[in-house]
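Below, chain A is the first sequence line, B the second, and so on; all start at residue 1.
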Amino acid sequence: MTDPACAVTDDGATVDTTADRGRSAVVMRGIHRRFGTTVALGGVDLTLRHGEIHAVLGSNGAGKSTLMKIMVGLDRPDAGGVTILGEAVDRFEPRAIRSRGVALVQQHFTLVPTLTGGENLVLARPEGRLRPDRRACRDRLASLVERYGLEVRGDVVAGAMSVGEQQRLELLRALDADARVLLLDEPTAVLTDAEADQLLAVCRRLAEDGRAVAFITHRLAEVFSGCDRVSVLREGSAVISDAPIADHSRADLASAMVGSESSGTYSRRASRSDEAGAALLQLRGVRAGRLHNIDLDVRAGEIVGIAGVDGNGQADLEAVLSGRTAPETGSVHIGGATMVVADPRSRRSLGLAYVPSDRYRWGLMRPMDLADNLELGRVPRVRGRRAHRREAARPALQAWDVRSSGPAARAATLSGGNAQKLVLARELHDEPSVVLACYPTRGLDPNAADAVAGRLVDRAALGAAVLWIGAELDELFAVSDRMFVLSDGELIGPFTSPFDRGVIGLAMGGLAPGSAPSKPDRSPVPELEQQEPSA
Amino acid sequence: MTLTIGVEPRAGAVRVATSAVRSTLTVPIVALLAALIGGAVLILAEGEDPFAVYWTALDGVLFGPRGLSDTATAATPLILIGLGYALAYRARLFTIGAEGQYLMGAIASVALVTAAGVRDLPGPALMVIGATAAVMAGALWGGLAGFLQVRFGASVVISSLMLVYVAQAFLQWAIRVGIRDPDSFIPASRELGAATLPTVPGLDTHLGFLVAIVTGPCLALLLARHRLGYRVSVLGHNADALDANEVASRRVMLAVIVWAGGLAGLAGFAETAGVNGRLGDSASLGYGFTAIIVALLGRLHPIGVVLAGLAVAALKIGFEVAARSHELPSSLVGVIQALVVVFVVAGDALVARGRGGSR
Amino acid sequence: MDAILTLATISAALRLAIPVALSALGAVVSERSGVLNLGLEGMMISGALAAYSAAEATGSPWLGLLAGAIVGVLAGAVLVAFVVYGRANQIVTGIAVSLLAGFLTTYLFQQNYSIGQVPPRLNRIGLVALVLLTVVLLALVWFVLERTVFGLALDAVGEAPEAADALGYGVDRIRAIATLIGGGFAGLGGAALVCGPLGLFIENVTAGRGWVALALVVFAGWKPLPAVVGAFLFGLSDAVQLRLQGTDSAVPYEFFLALPYLLTLIALVLRARASRTPAALGVPFVRGTT
């Protein structure tokens with residue numbers, strides 16, 4: 001590892017960086033940005049300093065990502081100024097800003113999935129017009145891997161890497177350009193706790209090299225374990241700006257993030273029925289994709305939460321339970337009847353409602369009107385006149401509080417929360433006995449998330465069996481009667497209320513609690529252990 | 001608060017709706033005019049007076065001895081095929097091979113209707129048999145391309161066109177050997193005889209025209225009020241949502257392309273039994289391609305397709321009339337027709353751009 | 001039926017394959033950048049007519065080739081304006097371009113050569129020269145795609161345009177360049193058809209070869225060398241059918257007419273699932289939609 005006080009540039013020159021420490025690297029003043037009538041940023045100030053890790057906190061939709069995009073030129077402010085390393089930015093253009101040494105590691109990776117790690121590096125910062133051969137690409141990556149201690153395989157295409165490895169590759173790519181300012185947008189959202197800790201340690205090292213690091217997150221724990229300063233955004237303005245971490249407590253930051261109301265006020269059911277209802281959803285020995293040998297019962301009146309890091313089989317579970325793909329072995333039963341594959345209408349008639357993880361892909365037709373969207377999966381053979389259909393849709397839209405310009409509005413005009421309520425209005429309309437809800441509150445503001453969670457809880461109270469695949473632990477704790485963790489294609493659990501965050505966290509990291517049988521042929525910490533150089 | 005929510009957005013919805021209707025009508029009309037202006041430039045280049053040519057054409061269509069009836073006759077295959085394209089394109093199945101389905105429909109109907117034992121049946125029965133055979137053959141030929149798409153992922157754009165060449169080769173064999181009229185010196189099929197479509201009294205065109213005109217509203221009704229129409233819309237807007245909630249999208253794809261092929265096949269029978277009476281060397285006149293223009297000009301709406309079919313046919317007939325008194329190459333009208341579709345596409349892009357900009 | 005694969009057949013196969021090979025190379029370039037060029041047939045026939053006119057006027061078939069390529073680029077520019085910058089539907093636009101080019105070339109040709117009159121035959125370019133040209137261009141395309149940073153960026157734009165955009169590559173610009181190159185190759189392909197051993201322009205001279213080229217690109221898995229090999233196989237089946245047409249065979253000659261298209265269809269079907277389509281093929285790029 002290099003001397004922390006020195007950074008070695010690519011031509012081998014050594015630059016003393018300690019002198020930079022504490023100086024401003026990026027100064028943003030009075031940044032305004034609006035999209036249509038929505039104010040994304042209403043006059044935000046932010047200063048990033050060399051040698052420091054700056055946490056930018058905020059709930060969904062607070063404006064964090066917009067602010068970062070402006071800093072790297074992927075978006076431009078309507079008003080306000082940005083100064084990078086002492087020079088004012090006049091042109092918000094990605095390439096120009098990148099050449100000044102600012103790099104963003106985005107939430108959605110910007111790797112090309114068909115190119116190898118090395119080729120992705122070359123694409124980001126080509127040396128000349130010719131493309132080096134595969135070996136040269138690999139060597140270039142290998143030297144970075146060695147220098148920064150971030151394990152990435154050189155000759156595997158990015159699309160075949162785990163999210164953790166992809167993220168390390170993104171980070172290496174930013175470092176390859178010798179970025180002096182590193183912005184990480186929700187980098188830990190897709191990582192296990194252990195990986196997140198490792199990432200924070202890397203960030204610390206990079207900051208000690210004199211870099212300015214911004215760490216965008218909504219997880220408080222990380223702020224205290226690894227950051228120097230904190231800014232908190234709420235609804236487009238900075239409620240805490242550039243404050244040293246030591247000045248604030250967890251409670252301070254939490255209330256700054258969510259405002260006066262406290263977060264996570266899902267309508268927890270007053271009384272949970274202790275009587276076990278009939279098992280309405282049953283999985284028996286299901287294998288499909290990443291899933292192996294899943295057995296699961298969800299009973300009438302209960303919500304079963306499935307926690308886990310993305311990419312551990314959630315997508316396969318969703319595909320099987322929604323009847324999109326058949327399990328390779330095993331079976332799925334809805335109310336005793338066997339699940340049918342690729343026949344969504346009979347899935348519905350079995351009483352299974354489906355709230356998809358990607359509502360715009362699987363749940364809605366954006367260019368079609370709300371009335372048509374409500375009929376998906378329920379449309380009669382002969383339909384009424386359009387005006388009548390739209391009139392008939394009005395009560396449902398009102399009952400579900402879908403705010404729109406009316407049934408004739410196109411689904412594309414709805415906000416995320418209202419789009420999700422539209423999906424719920426349709427899926428829960430026929431009083432289903434089983435509800436499959438996949439990340440039902442993802443991307444929603446707290447109010448909408450509360451409303452959606454409340455509807456699902458109500459549905460369970462009325463006797464439905466609800467399977468809730470989620471990512472936010474606090475939310476799952478609030479709504480679930482029982483929980484499982486999906487890890488590397490296996491269900492760990494059940495866990496029952498009161499939920500132990502520590503045990504569940506370990507399970508999500510691939511460490512099954514002592515009681516659960518561990519498989520000798522499988523590595524217990526898949527992600528971390530598999531990083532050992534294989535080639 | 002509730003009051004404002006109730007009133008204000010509704011006005012917005014009306015505004016959105018009217019602007020959609022406006023661009024629906026504006027784009028094709030402007031495109032048609034722009035193509036005519038483009039044609040005027042070409043006519044000028046020919047050394048003719050465009051006003052005089054267009055006047056002669058208009059006069060010939062509206063007041064000429066056979067102007068209207070010829071237009072109706074020429075519009076018949078364009079409307080039928082165009083309706084099939086409109087249905088398929090709504091589902092985002094961009095087939096371009098109706099010419100092949102048209103030919104297969106024509107060949108199958110002629111083969112069956114003139115077969116020994118069948119040809120002695122009374123005329124009306126023969127017409128029904130011929131139409132049915134044509135629809136089924138066209139549907140099969142289209143369905144083949146559709147099957148290759150849903151089963152093997154082979155692009156229906158390319159496969160449907162490859163099947164056009166196969167159908168053209170098959171036609172050549174059919175009129176040379178398969179269903180050849182033994183008395184004919186040049187390769188030609190047997191004559192249809194009693195299956196020939198009767199002339200509609202008062203319209204001076206064959207029965208097929210009426211069928212085409214009636215098919216338009218029927219298809220419009222199907223799209224608006226039947227589940228299949230709904231599924232076609234969903235398929236066109238989000239196939240994944242259809243798969244996850246309504247029905248397997250491949251089934252709808254197949255249904256759509258089979259229907260579209262059937263309509264093209266029917267057009268093949270209507271043209272053969274209504275106009276030519278037999279199949280010859282020149283049976284493949286490219287209606288399958290011109291009908292793409294008709295479908296797009298008609299905004300993929302069945303009523304629009306009927307109107308667009310009449311407009312494109314009128315253009316053709318008008319120019320035929322005008323060519324009698326002016327020096328005009330026969331290929332000029334094709335250029336104008338193709339310009340129409342280019343301007344429709346351009347207009348759509350501009351409208352979409354305008355919407356995107358105001359977002 | 002003996003000795004179908006004679007030297008004459010092979011040379012006929014090459015002659016028939018070269019126009020398709022050149023067009024397919026162009027389609028490989030534009031499709032790897034994410035632009036589906038269904039105007040290929042139209043660009044070929046435009047190039048063919050331009051080449052014929054230029055070669056006939058100047059007496060030099062090489063100038064004909066040049067003119068064909070230039071007109072192909074111009075036709076590509078129309079597609080670029082619509083689908084890259086206008087974000088129009090690539091399929092519909094491509095079909096429109098092909099339709100217009102088909103009608104327009106027929107019209108322009110009839111302007112100069114009235115029906116029935118036999119148009120003059122050109123000085124022809126020898127087969128060897130055309131084969132060499134094709135090999136050189138194949139090598140060039142391969143080099144640009146596989147060995148330059150531009151080729152890397154082109155793939156990135158076709159696979160993950162938002163990623164390329166975030167890295168500062170101009171997605172529209174790269175797609176525009178790729179489509180212009182594709183148009184130029186298609187025009188050249190059409191030109192090679194008339195300036196080569198045929199030496200003639202006739203209406204609909206391309207006879208769907210542009211569409212065949214598009215199918216071959218799928219067959220080739222979007223790789224230049226397999227695309228050219230595929231084109232040769234098409235040419236071979238075309239040459240064989242021409243030979244067999246004259247022979248007394250139990251199979252009607254119309255079957256052989258259909259054979260190249262049937263084989264193309266079969267090739268398309270066999271490879272459609274196996275080849276990996278560029279992820280963003282046919283999808284207009286709008287920043288911030290994903």
Side-chain angles (χ1 to χ4, degrees), chain B residues 42 45-46 89 92 94 96-97 144-145 147-149 151-155 157-174 176-178 286 289-290 292-293 296 329-350 352-353 356, chain C residues 36 38 41-42 78 81-83 85-89 91-111 114-115 203 207-208 211-212 214-215 218 252-266 268-275 277 284 286:
Chain B
L42 293 178
E46 297 283 337
Y89 288 9
R92 298 191 69 78
F94 292 99
I96 53 175
L144 179 57
F147 171 75
L148 296 178
Q149 164 98 60
R151 177 69 182 77
F152 299 103
S155 160
V157 184
I158 299 169
S159 64
S160 69
L161 192 88
M162 293 297 115
L163 288 173
V164 171
Y165 292 101
V166 177
Q168 283 174 342
F170 185 64
L171 170 74
Q172 286 196 28
W173 174 82
R176 185 176 66 88
V177 182
F289 299 103
T290 310
I292 297 174
I293 299 169
L296 293 174
S330 59
S331 49
L332 183 64
V333 68
V335 177
I336 297 177
Q337 288 170 354
L339 280 176
V340 170
V341 73
V342 170
F343 286 124
V344 166
V345 174
D348 278 346
L350 283 175
R353 223 190 157 98
Chain C
L36 183 60
L38 293 188
E41 173 81 6
V78 174
F82 277 65
V83 307
Y85 293 104
R87 271 134 195 119
N89 180 316
I91 296 179
V92 175
T93 309
I95 292 170
V97 166
S98 280
L99 279 175
L100 179 63
F103 284 115
L104 201 58
T105 48
T106 302
Y107 169 71
L108 290 173
F109 186 63
Q110 283 187 8
Q111 285 291 93
S114 53
I115 303 164
E203 269 177 48
W211 303 102
V212 168
L214 284 170
V218 180
Y253 80 89
E254 289 92 352
F255 173 76
F256 298 113
L257 276 184
L259 189 63
Y261 302 103
L262 272 175
L263 290 177
T264 303
L265 189 58
I266 290 167
L268 177 70
V269 164
L270 288 181
R271 299 288 303 164
R273 280 249 194 277
S275 339
T277 313
V286 184

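- Residue contact with chain B, scored on non-hydrogen atoms closer than 4.5 Å, involves the side chain of Ile91(C) exclusively.
- Shown here are the side-chain hydrogen bond (donor to acceptor under 3.5 Å, both in side chains) partners of Thr106(C), two or more places apart in sequence or in another chain: there are none.
- Of all the heavy atoms in Pro252(C) and Trp173(B), the pair that sits closest is CB-CD1, 3.4 Å.
- Taken from CD in Gln110(C) to OG in Ser330(B), the straight-line distance is 4.5 Å, to the nearest 0.5 Å.
- Proximity to chain B (any heavy atom under 4.5 Å) is shown, for Leu214(C), by both the backbone and the side chain.
- Across all their heavy atoms, Ser155(B) and Leu268(C) have their closest contact at O-CD2, 4.2 Å.
- Residues Leu265(C) and Leu148(B) form a side-chain contact, since some pair of their non-hydrogen atoms from C-beta on lies under 4.5 Å apart.
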| message | Working note: Asn89(C) + Phe94(B), criterion side chain to side chain contact (heavy atoms under 4.5 Å, CB included); need CA distance, chi angles, decisive distance, verdict. | response | CA-CA 11 Å; Asn89(C) 180 316; Phe94(B) 292 99; 3.5 Å; yes
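- For the options Ile336(B), Ile293(B), Leu42(B), heavy-atom pairs under 4.5 Å to chain C are most numerous at Leu42(B).
- For the residue pair Gln168(B) and Glu254(C), no side-chain donor N or O sits within less than 3.5 Å of a side-chain acceptor on the partner.
- Residue Phe170(B): no heavy atom, backbone or side chain, is found under 4.5 Å from chain C.
- At a threshold of 4.5 Å between non-hydrogen side-chain atoms, the residues Val342(B) and Phe82(C) count as touching.
- Interface residue Arg176(B): only side-chain heavy atoms are found under 4.5 Å from chain C.
- The closest side-chain heavy-atom distance from Val212(C) to Met162(B) is below 4.5 Å.
- Taking both residues in full, the closest heavy atoms of Phe103(C) and Val335(B) are given as O-CG2, 3.6 Å, listed atom of the first, atom of the second, then distance.
- Going from atom CD of Glu41(C) over to atom CD1 of Ile96(B) covers 9.0 Å, rounded to the nearest 0.5 Å.
- The residue among Gly94(C), Gly86(C), Ala101(C) with the most heavy atom pairs within less than 4.5 Å of chain B is Gly86(C).
- Across all their heavy atoms, Ala272(C) and Phe152(B) have their closest contact at CB-O, 3.3 Å.
- For the atom pair CG of Leu100(C) and CZ of Phe343(B), the computed distance is 9.0 Å after rounding to the nearest 0.5 Å.
- Contact annotation for Leu38(C): only side-chain heavy atoms (C-beta onward) come within less than 4.5 Å of a heavy atom of chain B.
- Heavy atoms of Ile292(B) lying under 4.5 Å from chain C belong exclusively to its side chain.
- Contact annotation for Leu161(B): only side-chain heavy atoms (C-beta onward) come within less than 4.5 Å of a heavy atom of chain C.
- Counting all heavy atoms, side chain and backbone alike, Trp211(C) lies closest to Ile158(B) at O-CG2, 3.9 Å.
- Remark: Tyr165(B) OH to Leu257(C) CG distance equals 12.5 Å, nearest 0.5 Å.
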